[in-house]
Amino acid sequence: MTATSATAESSVPPEVVSSVFYGAAVSDTLVFLVAELVGGTPRIAWGNEGATRLLGYGLADLRALPVSALVPTLRGGEVRLLLRRERTAWMTLPVRTASGALVEVRVTCTPSPGGRTWTLRLVPVDHDSERALRATADAHEQRFTTLTERSPVPTLLSEQGMRLAHVNDAFCTLVGLPAEQLLGTGWMASVHPEDLDGVIEQVVAVLGGGDGETTARLVRTDGTERTTVIRFAHLVTPGVGAGFVGTIEDVTERLAFEARLAHQASHDPLTGLPNRTLLAGHVAQRFRPGTGGLAVLFLDLDDFKVVNDSLGHAAGDELLVEVATRLRATVRPGDLVARFGGDEFVVVCEGVDQPEAVALAERISAALARPVPLGGVDVRPHASVGVTVQTAEHGDAEELIRDCDIAMYQAKAGGKGQITVLDQRARDRARDELRLVAELREAIERREITLLYQPILRADDRTPVAVESLARWHHPERGPVSPGVFVALAEQSGLIGALGLLVLDLTCRQLAEWDRLLGAAAPQRASVNVSALQLDGRLHGAVVTALERHGLAPTRLSIEITESALARDPASARAVLTQLRDLGVSLSIDDFGTGYSSLAHLRRLPVDCLKVDRSFVAELADGHAEIATAVIALARSLDLTTVAEGVETEEQATRLAELGVGHLQGFDLARPMTGAATAAWYAARAR
């Protein structure tokens, strides 16, 4: 059989078609109406004999009758649920007759291929149970329609393939288009072209069964874009086919908020530059071990504190913003400028060698040196710049940044406005210092810091009245580390607080142990040196805790503070010392005479004792007793006791006693000893 013959056999003969249409037109048992859109309003265009018989209208009256007048229970917007363009729709609902009576009918509405006319077949409902089932089905559909239309969640409904049968008002509002333009496949025009393939792929998968989700941008009629998450659910309509329900979540604002949070977390709020976190990630992404060409420039503004102190912090902030602007304008495209913190900035460059990195540092220095008007004066910013270019010795990005930091400090030490490239000797020294800091931290945590105790004696009869705790660190590999080295290192690295707490606790524990061993012969007081960095509100609590832990009275403890520490912030120091004095702890000023104290301020400090610096004691051997005499006389006039440190000879001790010093402390009188040796020394003197 040929294709031509098959087509001819499947075609309905014209006579048959004519007979069917004639039968439908004159039938009084079949009810047919034809509706069409006239000026946007659906109206009845034709009805057969059955229609005029059921509805009671003459054919002329029936024509041009609005469909909404025929089905009064459907509101204006709901008529389109019946007159769908894509498929046949069914409803059971009352129709109004010419007499005004309502007749319950089953309406089957079939759209024409052109989508502008519909054929409506009306079948009166005369079976109660059938009518009840249809009413229930219609009610379900009505509730679903109302629910989706009034839902604030943009919703799509497809009953077959990708063609939409329904969209709710929220989706129309989201994309700015009426439902008529979105139904069918019109909704795809609202999907961003770059995201359309992803949406189609997801819909195809969902039509095969299951659920799906995709992120897509929707383009509104005004050209703006909304980023959405579209969640698809598989849907099957009996007699129609597979479709889907899509719900849309507009995440544009949420993503923008998250982006703002991410920006704030990785950028400096004042200058808008990347912060230290972003800088570390940027360098780490570009760092390739064993290669070169990655350069880091570390800048620290010179005399920035002077600007803050003289012109105020607002002017200081203005200067930082200007510096950031000049840095961005000076570096190459693609170079990163970050604010490391405070008045420190970092520039990261790729594909440069050392001369090129130094040349960039010079351009930056020249750009920064231009005057900046601040508070009525012209300020010329200068920066100390450290330059480091990656070498094969750099193991990771953090090491590269750290080396650049060291180079900057080298530049800072060399004078203002210097540019320094890190040399190998400085790198080795800095790394050794870092290792020592790590080892000191471990030594403190493991309580490997030990104490020696040096007695303090009365000057007149050499009776011991107290001991001074002296911290010692014996490194397992380096041997003894000088207190001048590790205490300074602890102050620079932030470990001084932990070291001070350890010394305080060890001293109190030793006092309690001496009490147990010696009873009344035990040392009655121990002096503990406190760093200037420990003079804050936490010191009082630390002292109380140590005393309570070992069951000691506050009078058993003396706190020694250097004169230079008191000079840093006299008001704050006075507040801390007053707390300790009120507690009952005695207070001494160590190294007195070396720190240029204000005598007027000294009078107001709640201290009990001045310790005459060993340098003034040493001058006694040369016949110079002027300063020691003055210090002792000053203490006496302020009703303070005195301790002369560094007494090395009997002649010094005798001379100091003649000058009126209260107590002596020195290597010749009693050397620093371990806790056990000190106990033995005290026990021997008690016999």
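Hydrogens, waters and symmetry mates are skipped; everything else that's a heavy atom, side chains included, is used.
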Task: Exercise: identify the closest heavy-atom pair between Ala411 and Val385 - done: CB-O, 3.6 Å
- [ ] Verify side chain to side chain contact (heavy atoms under 4.5 Å, CB included) between His394 and Thr388, making sure each step is shown before the conclusion.
- [x] CA-CA 10 Å; His394 288 105; Thr388 300; 3.9 Å; yes
TODO: Any chance you could measure Ile419, atom CD1, to Ser365, atom OG, to the nearest 0.5 Å?
DONE: 4.0 Å
Open item on the list: Pairing donors with acceptors under 3.5 angstrom, does anything connect the side chains of Asp303 and His382?
Closed with: no
TODO: Answer whether the closest heavy-atom distance between the side chains of Val543 and Gln579 falls below 4.5 Å.
DONE: no
Task: Nearest-0.5 Å distance that lies between atom CD in Glu560 and atom SG in Cys609 - done: 7.5 Å
TODO: For the pair Trp473 (side chain) and Ile444 (backbone), establish whether a donor and an acceptor sit closer than 3.5 Å, ignoring hydrogens and angles.
DONE: no
- [ ] Could you check if a side-chain atom of Phe345 sits within less than 4.5 angstrom of a side-chain atom of Leu320, using non-hydrogen atoms only?
- [x] yes
Open item on the list: Using modelled atom types and a 3.5 Å cut-off, is there a donor and acceptor pairing between side-chain atoms of Arg286 and backbone atoms of His282?
Closed with: yes
Task: Ring center gap for Trp681 and Tyr453 short of 6.0 angstrom - done: no
TODO: Walk me through it: do Val481 and Leu440 pass the test side chain to side chain contact (heavy atoms under 4.5 Å, CB included)?
DONE: CA-CA 10 Å; Val481 180; Leu440 176 59; over 6 Å; no
TODO: Say whether, by atom type as modelled, one donor and one acceptor occur between the side chain of Gln524 and the main chain of Val465 under 3.5 angstrom.
DONE: no
Open item on the list: Please report the interatomic distance CG(Leu368) to CZ(Arg380), rounded to the nearest 0.5 Å.
Closed with: 12.5 Å
TODO: Hey, could you give me the CG/CD1 distance between Leu659 and Ile632, rounded to the nearest 0.5 Å?
DONE: 4.5 Å
Open item on the list: Salt bridge check, Glu513 against Arg509: does any charged N sit closer than 4.0 Å to a carboxylate O?
Closed with: no
Task: Taking every non-hydrogen atom, the tightest pair across Pro672 and Leu452 - done: CB-CB, 3.9 Å
Open item on the list: Using a strict threshold of under 4.0 Å (side-chain N to carboxylate O), is an ion pair present between Arg435 and Asp432?
Closed with: yes
Task: Identified side chain to side chain contact (heavy atoms under 4.5 Å, CB included) counterpart of Leu299 within the set Val347, Asp343, Val346 - done: Val347
Task: Between CG on residue Leu504 and CZ on residue Arg549, distance to nearest 0.5 Å - done: 8.5 Å
Open item on the list: I'd like to know if Asp302 and Lys412 make a salt bridge, using a cut-off of under 4.0 Å between side-chain N and carboxylate O.
Closed with: yes
Task: Backbone N/O of Gly662 and side chain of Thr642: donor-acceptor pair under 3.5 Å - done: yes
TODO: Measure from the side-chain N and O atoms of Asn275 to the backbone N and O of Leu278, and report whether any donor-acceptor pair falls under 3.5 Å.
DONE: yes
TODO: Keeping the roles fixed (side chain from Gln652, backbone from Glu648), state whether a donor-acceptor pair exists under 3.5 Å.
DONE: yes
TODO: Please tell me if the side chains of Arg556 and Asp515 come closer than 4.5 Å, counting only heavy atoms from C-beta onward.
DONE: yes
Task: Student check: side-chain heavy atoms of Thr674 and Thr450 closer than 4.5 Å - done: no
- [ ] Output yes when a side-chain donor or acceptor of Arg339 lies under 3.5 Å from a complementary backbone atom of Asp268, and no otherwise.
- [x] no
Open item on the list: Pair Val487, Ser531 - check side chain to side chain contact (heavy atoms under 4.5 Å, CB included), show working.
Closed with: CA-CA 9 Å; Val487 172; Ser531 165; 6.0 Å; no
Task: Heavy-atom pair of closest approach, residues Leu511 and Pro523 - done: CD2-O, 3.7 Å
Task: Check: Ser266 side chain, Thr277 main-chain N or O, donor-acceptor pair, under 3.5 Å - done: no
- [ ] Taking the side chain as every heavy atom from C-beta outward, state whether Leu506 and Gln510 have any atom pair closer than 4.5 Å.
- [x] no
- [ ] Take Asp668 and Val647 through the side chain to side chain contact (heavy atoms under 4.5 Å, CB included) test and state the conclusion after the steps.
- [x] CA-CA 7 Å; Asp668 186 63; Val647 180; 5.7 Å; no
Open item on the list: On a heavy-atom basis, which atom in Leu557 and which in Val528 lie closest, and how many Å separate them?
Closed with: CD1-CG2, 4.0 Å
Open item on the list: Using a 6.0 Å cut-off, check whether atom CZ of Arg538 has over 12 heavy atoms from anything other than its own residue.
Closed with: no
- [ ] Quick one: pull up NE2 in His540 and CG in Leu583 and give me the separation to the nearest 0.5 Å.
- [x] 4.5 Å
Task: Donor-acceptor under 3.5 Å (Glu344 side chain, Phe340 main chain) - done: no
Open item on the list: So Cys508 and Leu547, do their side chains get closer than 4.5 Å, heavy atoms only?
Closed with: yes
Open item on the list: Using side-chain heavy atoms (C-beta onward) and a distance below 4.5 Å, is Glu645 in contact with Val617?
Closed with: no
Open item on the list: To check you understand the geometry: which heavy-atom pair defines the closest contact between Ala397 and Val283, and what is its length?
Closed with: CB-CG1, 3.6 Å
- [ ] With the side chain counted from C-beta on, respond yes when Leu436 and Arg478 share a heavy-atom pair under 4.5 Å apart, and no when they do not.
- [x] yes
- [ ] Quick one: closest heavy-atom pair of Arg525 and Ser586, and the distance?
- [x] CD-OG, 3.5 Å
Open item on the list: Test your reading of the model: is there a side-chain donor-acceptor pair from Asp608 to the backbone of Leu587, 3.5 Å cut-off?
Closed with: yes
